[in-house]
Amino acid sequence: MNSLNKNKTLILFYFINIFSYTLFSSVFRLIQYASYSQRIDFKFNFDFLLSFIIGFQFDFVTVTYIITLPFLLLFLEKVISQLFHIQAALLSKISLYIYFFLFQLVILVHLFDLFYFDYFFERLNIAVFSWIDSPAISLGMIIQDKFYLLSSFVSSIIIGIEIYLFYKLSQKFLNWYQKKNSGNIFITLLIFVIFLFSTFVGFRGRFKAKSPLRIGTAFFSDNTLINKVTLNPAFTLIKSYLQSRKRVHKNMMDPTRALQIFDQHFKRENMAHFEENLPGPGKPNLKNYNVVIVIMESMTASYMKYFGETRTLMPVLDDLALKSIFFEQAYTEGIHTFNGIYSTIFSRPALLTEHPMKKYPIPHLQNISEELKKYDYVTSYYTNHDAQFDNVEGFMTHNGFDHIFDDDQYPKEKIISSFGVADHDLFEFGVKKITELSQTTKKPLLSIFMNASNHSPLILPQGIDFKPHNEEIDLQLFEYADWSIGHFLNLAKKEKWFSKTLFVFVADHGKSLKPYFPIVLSYHHSPLIFYWEGVTPEVKKQMASQMDIFPSVMSLLGLSWTNKTFGIDLFEETREYALVNNDQHFALLGNDLLFVLDQSLKPYAYHYKENTHNIIEKLENSKSLESLLKAQMTLRMPIK
């Protein structure tokens, strides 16, 4: 008993850290529940309590990684002391410093995850590293946003206090530890053997032999919020990295078989040689029309009055939708702006946890710019900020765009944040530039805009003819972004080129509002509006994807081309399912069915208009849906 008592420092070190980290992680879970409880009808029930119990498994895995090396160093020092009667104090110091570094690293992961989860409704994963090569813009988002700045300031104070307490307590611990650094070597070895067993279980996360702890273990409830809060962000960050290294989602089936499934589903004899039909009878022929595509930052369709919103948030788009060809069931591919740009212009799916425009060498893909240039179009891309962000400029230039316009072309006094100029300044510049190019080239134009004001940092422009109806700054920015669209159209109507221009409006992605499913539908539901002077208004109820814009524009212009993309002509073909992706899940979305695969390829299914229960066991065609989804993800790179 005396020897065991003298070895209690090792035992205390182990259990105190497990308890303290679990408590720390549980507090963050409570914060996340509180953050999202206002967005959905959340009830405290048994599943809520169970999420903390299952969450302990994920916390246990994380804390095991934190304390294993420090514990081994403390054990080694104790063995040296007991066998050779030498005080190896340096080992205990190194142990504490390693522990402190790892623990602080995990704290930062949890703190950052609070913001990430609130915005994306996903736990932290490797997608966060997509912006690591643009520190100025990323840092500007934090510094120039009051909420993020205040949160970062509070977090810095917390970390500062921890460093001070660590310094004070570590000195006391080392002194106490040296005094207790004796005892029976066999008791020490027994403790070590028990620790090895505990570590083995900790690394696996569970006792069952067939499988270690997986992300899917957290998905035990019909409530998606509970499932995702159960996870540990350090765990998901590491797992997503390991999954990306394995590239599980890249080769889900044989490419030849995948092409057969795709061809059969879309009724194409051979996708690689499918020629898009010319416009049929009754379809408008907009030959030689200019094309303007506006990719709107975060403009979820859920905020439109058409879908039941009672507040005044998007009056311009609400009005425009009823004067245009409006697709009420249109969905974006991913949850990031680069997904929206890529899928709209190139008609290709979002890549799971990957940034498609940061690949090297830069791939050359079929896209709307190069296809229109075959018909003598001049093509341009406009953005508020530095076009190097997300590697947009290099990627677009390599893929055939004639002009890239960014914050280098705007007056410096117009730049109001790290995301460049305000939307109305972007559109004013764009109207002038389109007018200039139209007059000088005498050719039809393709102009693609990617606005950014409806994005952190949330800065409402001043000194303009705009008055918001709402008090919350994030809602005011939605109103402003909508007002800017109206401002753009009003300016364009004064120019000669307006009468021969096809306008397309779509979101890059939506916003996380009602997270009932693994895929948050409001994050993908987008306005999709085709407008030109003289258009016969129509509301289309068919399924539509962001990827369908490119083929549909080619069809409206009456141009023949060879379609090697994943998009379809919405005016001639029928899409049964949209393909959506949120970094951790990819899915097929139909009129009433959401079919989901997670990164481990585990399937889920929901009748999303009726309930939130997983119906995968009752779904008769689950295997065919799984094959179709895997086929599209297998083929998402260029088809030769």
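Not measured: the values here are computed from a predicted model.
For the residue pair Thr337/Glu297, the side-chain donor-acceptor check at 3.5 Å is satisfied. Counted by atom type alone, Ser484 and Asp423 present zero donor-acceptor pairs between their side chains at under 3.5 Å. A side-chain donor-acceptor contact under 3.5 Å links Trp497 and Thr435. A donor and an acceptor atom, one from each side chain of Gln388 and Glu393, are located under 3.5 Å apart. Looking at Thr236 and Asn125, their side chains never bring a donor and an acceptor atom within 3.5 Å of each other. For the residue pair Gln32/Arg123, the side-chain donor-acceptor check at 3.5 Å is satisfied.
At distances below 3.5 Å, at least one donor-acceptor pair connects side-chain atoms of Asp406 with backbone N or O atoms of Ala387. Without hydrogens or angle criteria, Thr300 side chain to Ser522 main chain gives a donor-acceptor distance under 3.5 Å. Not a single donor-acceptor pair under 3.5 Å links the side chain of Ser555 to the backbone N or O of Pro551. Looking at Asn399, its side chain does come within 3.5 Å of a backbone N or O of Phe395 through a donor-acceptor pair. Judged by distance alone, the side chain of Glu472 and the main-chain N or O of Asp474 form no donor-acceptor pair under 3.5 Å. The backbone N or O of Thr379 lies less than 3.5 Å from a partner atom in the side chain of Asp402, making a donor-acceptor pair. In this structure, Thr332 contributes its side chain and Gly340 its backbone to no donor-acceptor pair below 3.5 Å. Tyr382 places no side-chain N or O within 3.5 Å of a backbone atom of Asn451 that could act as its donor or acceptor partner. Judged by distance alone, with hydrogens and angles left aside, the side-chain atoms of Glu428 form no donor-acceptor pair with the main-chain N or O of Leu426 at under 3.5 Å. Glu479 places a side-chain N or O within donor-acceptor distance of the main-chain N or O of Asn470, the cut-off being under 3.5 Å.
Side chains of Tyr531 and Leu502 form no contact here, defined as non-hydrogen atoms less than 4.5 Å apart. By the 4.5 Å heavy-atom criterion applied to side chains, Arg575 and Gln542 are not counted as neighbours. Counting heavy atoms from C-beta on, the side chains of Ile434 and Val292 come closer than 4.5 Å. Looking only at side-chain heavy atoms (C-beta outward), Pro527 and Met304 come within less than 4.5 Å of each other. Using a 4.5 Å heavy-atom threshold, the side chains of Leu365 and Asn367 count as separate. In this structure, Phe586 and Gln632 have side chains that are not in contact, with every pair of non-hydrogen atoms separated by 4.5 Å or more. A 4.5 Å side-chain heavy-atom check between Asp569 and Asp548 finds every atom pair outside the cut-off. In this structure, Met296 and Asp508 have side chains that are not in contact, with every pair of non-hydrogen atoms separated by 4.5 Å or more.
Scored by the salt bridge (Lys or Arg N to Asp or Glu O under 4.0 Å) test, Asp319 finds Lys323 as partners (sequence neighbours excluded). Remark: Gln439 engages no residue in a side chain to side chain donor-acceptor pair (under 3.5 Å) (not counting sequence neighbours).
Rounded to the nearest 0.5 Å, atoms CD (Gln476) and CD1 (Ile459) are 13.0 Å apart. How far CG of Leu475 is from CE of Met314: 12.0 Å, rounded to the nearest 0.5 Å. Once rounded to the nearest 0.5 Å, the distance linking CG of Leu124 with CZ of Phe115 reads 12.0 Å. Here Asn339 contributes atom CG and His524 contributes atom NE2; the two are 9.0 Å apart, rounded to the nearest 0.5 Å. Interatomic distance, Asp482 CG to Leu313 CG, rounded to the nearest 0.5 Å: 8.5 Å. Considering CZ of Phe566 and OG of Ser347, their distance stands at 10.5 Å, rounded to 0.5 Å.
Between Phe405 and Tyr410, the gap from one ring centroid to the other reaches at least 6.0 Å. Taking the six-membered ring for Trp and the full ring otherwise, the centers of Tyr342 and Phe338 sit at least 6.0 Å from each other. Side-chain rings of Phe530 and Phe571 approach one another, their centers coming within less than 6.0 Å. His403 has its ring centre no less than 6.0 Å from the ring centre of Tyr381. The aromatic ring centroids of His525 and Phe307 lie less than 6.0 Å from each other. Taking the six-membered ring for Trp and the full ring otherwise, the centers of Trp561 and Phe550 sit less than 6.0 Å from each other. Between Phe503 and Phe449, a ring centre-to-centre spacing not shorter than 6.0 Å is recorded.
Other residues, nucleotides and ligands contribute at most 12 non-hydrogen atoms within 6.0 Å of the CD atom of Glu471. Heavy atoms of other residues, nucleotides or ligands lying less than 6.0 angstrom from NZ of Lys373 number more than 12.
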**Request:** Under the side-chain hydrogen bond (donor to acceptor under 3.5 Å, both in side chains) rule, what do Gln366 and Glu371 come out as? Steps first, then yes or no, please.
**Result:** CA-CA 8 Å; Gln366 185 180 36; Glu371 290 300 325; 3.2 Å; yes

**Asked** Should His487 and Phe427 be marked as a ring pair (Phe, Tyr, Trp, His ring centres under 6.0 Å) after you check the CA-CA gap, both sets of side-chain angles, and the distance that decides it?
**Response** CA-CA 8 Å; His487 183 61; Phe427 290 130; 8.4 Å; no

**Request:** Mind running side-chain hydrogen bond (donor to acceptor under 3.5 Å, both in side chains) on Asp390 and His355 for me, showing each step along the way?
**Result:** CA-CA 8 Å; Asp390 279 333; His355 196 312; 2.9 Å; yes

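Heavy-atom minimum distance, His385 versus Phe389: CE1-CD2, 3.7 Å. Across all non-hydrogen atoms, the minimal contact from Leu445 to Ser438 is CD1-N, 3.8 Å. Here the shortest heavy-atom pairing between Ala578 and Tyr331 reads CB-CB, 4.2 Å.
Residue His424 forms a side chain to side chain contact (heavy atoms under 4.5 Å, CB included) with just one option from Phe429, Trp483, Phe488, and that option is Trp483. Of the residues listed (Asn290, Val504, Ile325, Thr501), the one engaging Trp532 in a side chain to side chain contact (heavy atoms under 4.5 Å, CB included) is Ile325, and it is the only one.
Under 4.0 Å is where a charged nitrogen must lie from a carboxylate oxygen, and between Glu328 and Lys540 no such pair does. Lys305 has no carboxylate O lying under 4.0 Å from a charged side-chain N of Asp318, or vice versa, which leaves the two without a salt bridge.
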